[in-house]
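Sequence lines set the chain letters: A, B, ... in the order given, protein chains first and strands last, and positions in each chain run from 1.
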Amino acid sequence: MDKTYKPKDIEQKWYQFWKSNDYFSPSGEVGNSYCIMIPPPNVTGTLHMGHAFNNTLMDCLTRYHRMCGYNTLWQPGTDHAGIATQMVVERQLNAENKTRHDLGREKFVDKVWEWKERSGNTIYGQLERMGSSLDWSRERFTMDEGLSEAVKQVFVRLYDEGLIYRGKRLVNWDPKLHTAVSDLEVLSEEENGHMWHMRYPLVDAKMSDGNDYLIVATTRPETMLGDSAVAVHPEDERYKGIIGKKVKLPLTEREILIIADDYVDPEFGSGCVKITPAHDFNDYEVGQRHDLEIINIFTIDAKINDNAPAAYQGLDRYEARKKIVTDLEELGLLAEVKDHKLMVPRGDRSGVVVEPYLTDQWYVKIQPLADPAIKAVKDGDIQFVPENWSKTYFEWMNNIQDWCISRQLWWGHRIPAWYDNEGNIYVAEDEATVRKKYKLDANIELSQDEDVLDTWFSSALWPFSTLGWPEQTPELKTFYPSSVLITGFDIIFFWVARMIMMGLKFMDNVPFEKVYIHGLVRDADGQKMSKSKGNVLDPIDIIDGIDLEKLIKKRTTDLMQPEMASKIEKATRKQYPDGIKAYGTDAMRFSFAAQASTGRDIKFDLNRIEGYRNFCNKLWNATRFVLMNCKDKEIASHIDKQKLTLADRWILCKQQEVIDLTHKHLNNYRFDLVAQALYEFSWHEFCDWYVELCKPTLFKDDVDESIKQNSRRVLLEVLENLLKLLHPIIPFLTEEIWQPIAKELKLAGNSISTQDFPRSNNDYVDVESLEELEWSKEFINGIRKIRSEMEIPPGKPLRILLQNWSIQDQSYFENSQQYIYSLAKVENIEWLKDDAAPESATALVGEMKILIPLAGLIDKDAESARLEKEIKKLESNIEKSLAKLNNPNFSEKAPADVVNKERERVSEMQTSFQQLKEQLDKITKL
RNA sequence: AGGCGCGUAGCUCAGUUGGUUAGAGCGCUACCUUGACAUGGUAGAGGUCAGCAGUUCGAAUCUGCUCGUGCCUACCA
């Protein structure tokens, strides 16, 4: 073995080994099955740190359950991501000065498939580099034939049951992409704008105050061209007299009605609201109530259409706004313009302001689907982890709106609906079935709906469509419902809720029993990572490393806003002046596991990854030590309990604890605690103590050979178990170093990934060994402390005197003297029988005093200062504890064991206090 | 406006049903190349647990308020 751990040399080969040996397929054993469905990544781009995090956790659980003997499936696949993917390919066409219309639908879709092929492969490559143990033989894509069949069936069934309908309604219209988008795809941000107050002249009427106009305000003046009424509150005294009268709509020839509706807040503004049913969701409702005319004034590009006065036709919405404001001003009808902050709705993909727009769209009637989905979580059929996320889920589900599922795109599942020349709608899987189903003659012309379905419609079916539904496959029977869904909180609405609704509807059962919601990976400053901010990282660059120039190039190419490039470059140079070193997959994975606590943000931290890379190196070297001391040496064929050293007993006992902790925390999805427990055990128990304690046993000639052989066995077995415990988090390193260890142990099996996960063994629980070794550690630490604080060279062997010892101390010493001699570099120990002793530095082990004679080694004043400091600390702690105990309320009301514990503590502290005080007196007297 | 969080060492974060001397990693200081490892070892410094009040024998932990901060949802023209 090399002296240092080099991830590059070991990672790649093992993945191919696992894959070619088919270790990732379900075992097929009947009984316990365990299944995780990958949240299918978009084929739009490549995987980012969030995916890396998400997949690390899934792989960790998958490997754990596989090793625990479950029939385990981790289902891989990708999502077609309609709008986003179409946009990427359109952008490429634009670069060649072409549009998708130049190609036509069929050719364009072919192009997208080409993109999907390339991008999908990149994604799968990334997943492999991250060590993901997915069953590749079952890989699926949302637009596969099988999954498309599922989509059609679901659509047809929901339509036939009246749960899908087509309707002309206001939708969120993206004027750039020319498609409707759902509420969830609109992001509203506060932006600076204006509030324009306009005068609408009254027709044949006057206000009580004599004015002959009303004032209405708007943030979107251009919409006034589509006004069909002005509304006031029915109880508003100011306007009671003019309800039913008319105003002249400026800039047009139209006169519109003044209506009363309690939607109007009389306290707000003038108390008058212009009503534009075609371009505002609230106004639309008002329009419905009052049977108002719906006047659409926009084209699909959000330019003014022919319904508006000729002067404005063809103008872009913002040009029209300008012109309207100017024109009103000239007419003296602009009363006031105020700065105003408003929420501006933008398409999450296009970034342009979306418009409420009247179109024909397909909707899912959601309430009948939502009700059982709410119940499933309420009843505990599905549990959120952490539990609190169920509140977010309920919050949304209780206010859910019908779901607009049609998109005016070319890339996606084409809606299985056909129209005849009269516009009648026929819904079935294909045209032939339509004709049969609706008994239509062959001569009736039919044309299929041009639109495709929202991507999330097919994603909602993922948990069962990937398993072969609508066929009743054995896989469906075995793996539905899946065990747990692992995802970020950002898609609870988009995906989680919709999977639950569809699962319940079509499988009559929940799609997963648990939903583990993890945080979102952010950059070191806590900023969300995004291409436009230029702070994204490719997990592969953490694994393999990347130099600064390449990283800058990666971050600044293909930007939506190329003007950001220099800013991004500057920030990148500052944050990664030396680029990124190669840390390897395992260090990255360990870091993700360690950061997966219950919080919402995972701040990405290179230092932390470096720390875990060092941890990997530590394991690597511990293995080196073990192999050096076991290779070509005799090893006991099994652990002989009679021949265990104290250290052996102790580490075996400690290992049982960490095994139990690992199971416990993994079952609670506390990956951070698993990582912490294993880190602590590996480094601070196994390496810092056990390996060091083994050295005297293994190296000293006077130790019985059978004891040595037994200890070697313990070393190997404990390490082997430890590697198995760590394998779900750091699969590559553990496989690499498990192989030679397994060889020494003559284990069956070719891979750690198919070994049984450790279970704790009560035979090795040995509480006495814990106490006894604790005593040794205190002894050793006491000496080390004096050595360090008194500046005694670490290499200098010491003469030690012991005073005030008990039989117990002597018996403990019996078992641990070799450790003390070796780890504390002690040369000679003398058990004093009385108080007489040379002037010395002191450490305590319980009541026993360890004395290190000053004898030219130690400065007297330094030692008394050190003692004084410790005495002072004890004093203050004793004082605190006594105050507690002297409070009658405490001793009466607190549980007995708490009180006893406190008493014991005080008495221990008092003893130490006495001992140290005596020692101090002695030194100062001399 | 409503909902959900967060505020613990210089930084990143743990802290289970209230009972420790409040922990870890990184960073920092000193010493050390000792026969697995300098991607290391040993020892150490560093915290009024945002603030105030309350419940309790006892609060980082429970309650209320204040301040700071983040996210989500819905919005009044």
Side-chain angles (χ1 to χ4, degrees), chain A residues 1 3-5 183-184 188 195 197 216-220 223 231 263-265 267-276 280-283 342-343 388-389 391-392 394-396 399 489-490 492-493 520 524 526 528 581 583 587 594-595 597-608 610-629 664 668 670 672-673 676 679-680 684 687-688 691-692 695 699 781 784-789 791-795 823 825 873-874 876-877 880-881 884 887-895 897-899 901-902 905 909:
Chain A
M1 278 174 87
K3 203 172 163 184
T4 46
Y5 154 72
D183 303 343
L184 290 177
S188 293
M195 178 83 88
H197 296 253
V216 295
T218 181
T219 55
R220 297 186 298 153
T223 61
Y263 153 72
V264 181
D265 176 1
E267 306 293 316
F268 188 88
S270 63
C272 289
V273 187
K274 66 194 256 327
I275 301 295
T276 321
D280 182 283
F281 290 102
N282 288 315
D283 292 6
L342 72 163
M343 295 298 277
N388 226 256
W389 286 110
K391 289 189 186 167
T392 304
F394 289 132
E395 185 65 21
W396 189 64
N399 297 297
F489 56 81
D490 50 334
I492 290 179
F493 308 145
L520 259 35
K528 201 167 167 177
K581 279 186 271 181
Y583 294 104
Q595 289 192 269
S597 60
T598 54
R600 291 183 175 194
D601 297 328
I602 308 297
K603 273 196 206 169
F604 170 74
D605 182 4
L606 265 191
N607 290 327
R608 202 140 172 196
E610 181 160 331
Y612 296 126
R613 192 272 318 265
N614 296 351
F615 172 72
C616 290
N617 184 61
K618 192 76 181 172
L619 285 171
W620 176 268
N621 276 290
T623 305
R624 240 160 61 89
F625 172 83
V626 172
L627 289 173
M628 276 176 186
N629 287 286
K664 180 182 148 195
N668 291 327
R670 286 304 301 270
D672 59 326
L673 299 180
Q676 195 186 43
Y679 185 100
E680 166 74 18
H684 300 305
C687 292
D688 286 352
V691 164
E692 294 306 321
K695 286 176 180 174
F699 296 161
N781 286 337
R784 280 177 174 172
K785 207 167 156 178
I786 292 174
R787 201 189 266 283
S788 175
E789 288 181 17
E791 289 170 356
I792 301 171
L823 271 62
K825 287 249 157 52
K873 206 164 131 195
L874 278 171
S876 103
N877 284 332
K880 269 189 235 164
S881 287
K884 219 177 196 183
N887 182 345
N889 283 323
F890 174 72
S891 32
E892 277 162 30
K893 291 191 185 172
D897 57 322
V898 172
V899 177
K901 213 169 125 195
E902 198 63 34
R905 252 194 74 211
M909 287 191 294

Side-chain N,O ([X]) to OP1/OP2 ([N]) below 4.0 Å:
X         : N      : value
His684(A) : U42(B) : no
Asn781(A) : A43(B) : yes
Lys391(A) : C72(B) : no
Asn614(A) : G40(B) : yes
Ser597(A) : A14(B) : yes
Asn282(A) : C76(B) : yes

With heavy atoms under 4.0 Å as the rule, sort Arg670(A) into base, sugar-phosphate or nothing.
sugar-phosphate
For Asp265(A), which contact category applies under a 4.0 Å heavy-atom criterion: base, sugar-phosphate, or nothing?
base
Among the nucleotides [options], which one has an atom lying closest to any side-chain atom of [X]?
X         : options                : answer
Phe493(A) : C13(B), U39(B), C72(B) : C72(B)
Pro895(A) : G19(B), C26(B), C76(B) : G19(B)
Arg784(A) : U42(B), G25(B), A36(B) : U42(B)
Asp688(A) : G41(B), A36(B), U12(B) : G41(B)
Thr219(A) : U16(B), A77(B), A36(B) : A77(B)
Phe699(A) : A14(B), G35(B), U16(B) : G35(B)
Lys274(A) : A77(B), A36(B), U16(B) : A77(B)

Take Ser270(A) and Ile602(A), find for each the nucleotide of RNA chain B with the closest heavy atom, and name the residue whose nucleotide sits nearer the 5' end.
Ile602(A)
5' priority, RNA chain B, between Lys825(A) and Gln595(A) [closest heavy atom]:
Gln595(A)
Applying a 3.5 Å limit to both distances, which nucleotide forms a Watson-Crick or G-U wobble pair with U20(B)?
none
Mind checking the [atom1] distance from [N] to [M]? Whole angstroms is fine.
N      : M      : atom1 : value
C28(B) : G47(B) : C1'   : 16 Å
A38(B) : A50(B) : P     : 41 Å
C49(B) : G7(B)  : C1'   : 10 Å
G70(B) : G44(B) : P     : 40 Å
A24(B) : A9(B)  : P     : 14 Å
U8(B)  : C4(B)  : P     : 22 Å
G54(B) : U12(B) : C1'   : 33 Å
A77(B) : G3(B)  : C1'   : 25 Å

Is there aromatic stacking of Phe890(A) against C57(B), centre distance under 5.5 Å, plane angle under 30°?
no
Separation of atom [atom1] in [X] from atom [atom2] in [N], rounded to whole Å:
X         : N      : atom1 : atom2 : result
Trp389(A) : G3(B)  : CH2   : C1'   : 11 Å
Lys603(A) : G25(B) : NZ    : C1'   : 16 Å
Tyr263(A) : A74(B) : OH    : P     : 16 Å
Arg608(A) : C11(B) : CZ    : C1'   : 11 Å
Lys901(A) : G58(B) : NZ    : P     : 19 Å
Lys884(A) : G58(B) : NZ    : P     : 11 Å

Is a donor-acceptor contact shorter than 3.5 angstrom present between the side chain of [X] and the base of [N]?
X         : N      : result
Arg613(A) : U39(B) : yes
Lys618(A) : C37(B) : yes
Glu692(A) : A36(B) : yes

Hey, what's the ring geometry for Tyr679(A) with Phe615(A), parallel, tilted or perpendicular (30° and 60° as the breaks)?
parallel
Look at the rings of Phe699(A) and Phe625(A) and say which category their plane angle falls in: under 30° parallel, 30 to 60° tilted, over 60° perpendicular.
perpendicular
I'd like to know if the side chain of Asp280(A) and the backbone of Asp283(A) have a donor-acceptor N/O pair within less than 3.5 Å.
yes
Glu791(A) atom CD: more than 12 heavy-atom contacts under 6.0 Å
no
Give the intermediate values and the outcome of side chain to side chain contact (heavy atoms under 4.5 Å, CB included) for residues Asp490(A) and Leu520(A).
CA-CA 8 Å; Asp490(A) 50 334; Leu520(A) 259 35; 3.7 Å; yes
Got a salt bridge between Asp605(A) and Lys603(A), using NZ or NE/NH1/NH2 to carboxylate O under 4.0 Å?
no
